[in-house]
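Data first, discussion second: the structure below is written as structure tokens.
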Amino acid sequence: MKVSNFPIFTQKDVPSEAEITSHQLMIKSGMIRKLSSGQYSWLPIGLRVIQKIEKIIREELNNIGCAEILMPSVQPAELWKESGRWDEYGPELLRFKDRHEREFCLGPTFEEVITDLIRKDVSSYKQLPMNLFQISSKFRDEIRPRFGVMRAREFIMKDAYSFHETQSCLDNTYEIYKSAYKKIFQRLMLDYTIVDADSGNIGGNESNEFHVIAETGEDDLLLDNELNGMNLEIAKIKYLEDDLESIIKKTGLTHKKGIEVGHIFKLGQKYSEKMKAKITTKDSKSINMFMGCYGIGITRIVAAAIEQSHDSNGIIWPKSISPFEAVIVEIDGHKNKDVRLYSNKIYDLLQNSKKNIIYDDREASFGNKMKDWELIGIPHMVIIGNNEAKNKTITYRSRTENTKSEIKAEDIVDKIS
Ligand code: ATP
Ligand code: MG
């Protein structure tokens with residue numbers, strides 16, 4: 001990619017409502033722009049990060065035999081009335097009517113829709129277990145949208161659902177998802193922990209949350225020395241105390257703030273019972289299916305990763321989700337033909353070795369370009385000016401170290417892998 005065809009939207013100022021670092025840096029680095037409260041457009045740099053995260057999630061879910069689908073975001077009220085959640089869910093569910101006065105909502109989660117889908121097509125134990133996931137926009141009319149994409153009204157979530165003949169099959173699958181989630185969060189290079197959780201609005205029995213530990217997190221976690229533990233809701237029930245201080249005193253657990261990036265539930269038969277999603281078992285009995293559901297907050301992960309990895313100059317992307325692996329920063333290429341030619345040569349060399357490269361061919365000062373790329377947080381910077389073009393070298397700088405080194409052009413591919 002060249003910046004001439006891949007516009008970047010860096011800016012100096014941030015609105016005062018951007019309270020936390022990740023929100024500020026996402027606006028400054030031109031990843032997102034606000035449309036209205038809790039709704040953001042994703043600009044080219046930001047969208048690439050989403051796509052990197054999605055790729056990792058897709059790979060790991062395909063590895064455990066989970067197939068991708070896509071469901072409509074506008075959902076008929078009838079299904080929610082069947083499950084009982086039309087009344088239970090409250091004002092977070094955005095409701096409206098179509099031209100025929102039929103009631104609908106904008107999908108905040110998809111248990112009803114997928115249960116309806118499956119009950120129509122699955123009738124025998126022979127078709128189970130079945131694992132399906134989608135990556136799509138969800139809408140929740142959050143009472144207090146804040147921190148940019150961290151608590152948005154419209155956000156991208158991966159939601160997976162599993163269907164089983166028996167509880168024990170669900171139990172096994174739940175553990176398989178837990179392992180897949182560990183791989184996903186490791187590959188995303190996030191510093192995370194898994195805690196016991198309650199299952200809130202979604203319902204069911206057993207549940208775990210995956211949290212990125214960060215001071216700006218909205219959730220209270222109670223953790224032991226190995227960072228295992230539970231969220232505050234569970235701690236209150238478990239230790240029969242109603243505030244954080246008393247629980248800490250009673251248990252000696254440590255309090256940390258967490259950003260919830262994933263949540264897995266054993267739904268059991270909650271939805272299949274209400275919505276009559278039945279199958280015939282091996283011994284010809286008709287039973288309600290057992291279900292699990294598994295969410296990951298993709299757009300929230302983008303913000304969480306920035307909370308964990310930045311400095312005073314900007315974002316420092318973990319390599320696995322950086323929008324680009326390296327940036328070529330050309331010095332005065334618009335005035336100097338040799339620099340332009342040579343920069344293009346290095347660009348082709350890197351493209352041919354399958355590197356994800358952005359080449360900054362803007363007519364802008366070197367200082368401003370470097371500031372932008374430090375803000376955007378690309379791990380490797382390849383600087384090319386008159387000297388480099390003459391010597392057939394490049395000047396290399398890593399995002400995290402302040403030192404520069406001039407290296408031979410042919411060594412650049414190894415340097416950035
Ligand atoms: P929270 O307690 O933060 O409201 P939740 O328990 O309502 O989260 P789930 O229903 O389990 O969330 O949704 C799955 C995942 O979707 C969450 O783990 C989180 O990462 C993400 N998510 C939920 N609400 C939002 C939101 N308003 N903005 C961005 N991501 C969200
Ligand atoms: Mg919520």
Side-chain angles (χ1 to χ4, degrees), residues 20 22-23 26 32 34-40 42 46 49-50 53-54 57 73 83 85 88-94 105-114 133-161 174 177-178 181 184-185 188 190 192-204 206-214 216-221 230-234 257-267 270-271 291-308:
I20 60 168
S22 58
H23 189 187
M26 288 179 81
I32 54 167
K34 181 172 164 177
L35 173 65
S36 78
S37 173
Q39 287 191 292
Y40 292 86
W42 288 80
V49 178
I50 291 183
I53 296 171
E54 289 180 350
I57 293 175
S73 56
S83 74
R85 288 206 294 183
E88 277 166 27
Y89 212 94
E92 243 183 59
L93 189 63
L94 184 66
C105 65
L106 213 41
T109 175
F110 281 70
E111 286 76 14
E112 283 79 3
V113 175
I114 195 142
F133 78 98
Q134 72 169 347
I135 293 178
S136 68
S137 281
K138 312 293 189 275
F139 193 96
R140 295 181 181 179
D141 203 352
E142 297 277 355
I143 186 162
R144 214 148 92 79
R146 58 185 194 147
F147 300 159
V149 300
M150 195 83 94
R151 181 162 301 282
R153 294 201 299 161
E154 186 167 343
F155 56 96
I156 300 174
M157 191 208 289
K158 182 285 294 175
D159 44 328
Y161 304 88
Y174 186 84
Y177 275 93
K178 212 191 242 182
Y181 270 42
I184 290 168
F185 290 115
L188 295 173
L190 293 173
Y192 76 99
T193 188
I194 308 174
V195 300
D196 294 335
D198 74 335
S199 39
N201 254 337
I202 310 274
E206 200 177 328
S207 142
N208 288 104
E209 287 171 357
F210 290 71
H211 283 267
V212 165
I213 310 277
T216 46
E218 290 186 284
D219 292 328
D220 294 297
L221 310 178
M230 66 209 88
N231 68 18
L232 181 59
E233 291 78 35
I234 288 283
K257 284 284 188 182
I259 301 168
E260 185 196 314
V261 288
H263 198 171
I264 58 178
F265 309 85
K266 287 184 191 174
L267 298 171
K270 176 177 167 168
Y271 292 90
M291 289 171 58
C293 84
Y294 317 87
I296 294 184
I298 293 176
T299 41
R300 185 180 282 179
I301 284 174
V302 179
I306 297 173
E307 286 298 319
Q308 272 196 351

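Counting starts at 1 for both ligands and their atoms, following the listed order.
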Quiz prompt | Closest to atom 11 (O) of ligand 1 among R300, E233, H263 (heavy-atom distance) | solution = H263
Quiz prompt | Part of E260 within contact of ligand 1 (heavy atoms, under 4.0 Å) | solution = both
Practice problem: Output the list of atoms in ligand 1 that are nearer than 4.0 Å to some heavy atom of V261, sorted by atom number. | Solution: 18 (O), 20 (O)
Quiz item: Are E111 and K270 ion-paired here, with the side-chain N under 4.0 Å from a carboxylate O?
Solution: no
Self-check item: Distance-only polar pair, side chains of D196 and N231, donor-acceptor under 3.5 Å
Solution: no
Self-check item: ligand 1-proximal atoms of V149, by part, heavy-atom distance under 4.0 Å
Solution: backbone
Quiz item: ligand 1 versus E142, non-hydrogen atoms closer than 4.0 Å: side chain, backbone, both, neither?
Solution: side chain
Self-check item: Nearest-0.5 Å distance that lies between atom OH in Y177 and atom OH in Y294
Solution: 5.5 Å
Exercise. Report the relative orientation of the aromatic rings in H23 and Y40; use parallel for angles under 30°, tilted for 30 to 60°, perpendicular for over 60°.
Key: perpendicular
Quiz item: For ligand 1, is there an atom lying under 4.0 Å from some heavy atom of E218?
Solution: no
Quiz item: Can you find a heavy atom in the side chain of V49 that is under 4.5 Å from one in the side chain of W42?
Solution: no
Quiz item: Taking N or O atoms only and a 3.5 Å limit, does D219 qualify as a polar contact for ligand 1?
Solution: no
Exercise. Compare every heavy atom of I259 with every heavy atom of A214, then report the nearest pair and how far apart it is.
Key: CB-CD1, 3.8 Å
Practice problem: For the pair R140 (side chain) and P108 (backbone), establish whether a donor and an acceptor sit closer than 3.5 Å, ignoring hydrogens and angles. | Solution: yes
Quiz item: Considering distance alone, does some N or O of I296 sit under 3.5 Å from an N or O of ligand 1?
Solution: no
Practice problem: Number the atoms of ligand 1 from 1 as they appear, then name those within less than 4.0 Å of a heavy atom of R140, with their elements. | Solution: 5 (P), 7 (O), 9 (P), 10 (O), 12 (O), 13 (O), 23 (C), 24 (N)
Quiz item: D159 near ligand 1, heavy-atom distance under 4.0 Å?
Solution: no
Exercise. With heavy atoms only and a cut-off of under 4.0 Å, state how M150 meets ligand 1: side chain, backbone, both or neither.
Key: backbone
Self-check item: SB check K257 D220 (cutoff 4.0 Å)
Solution: yes
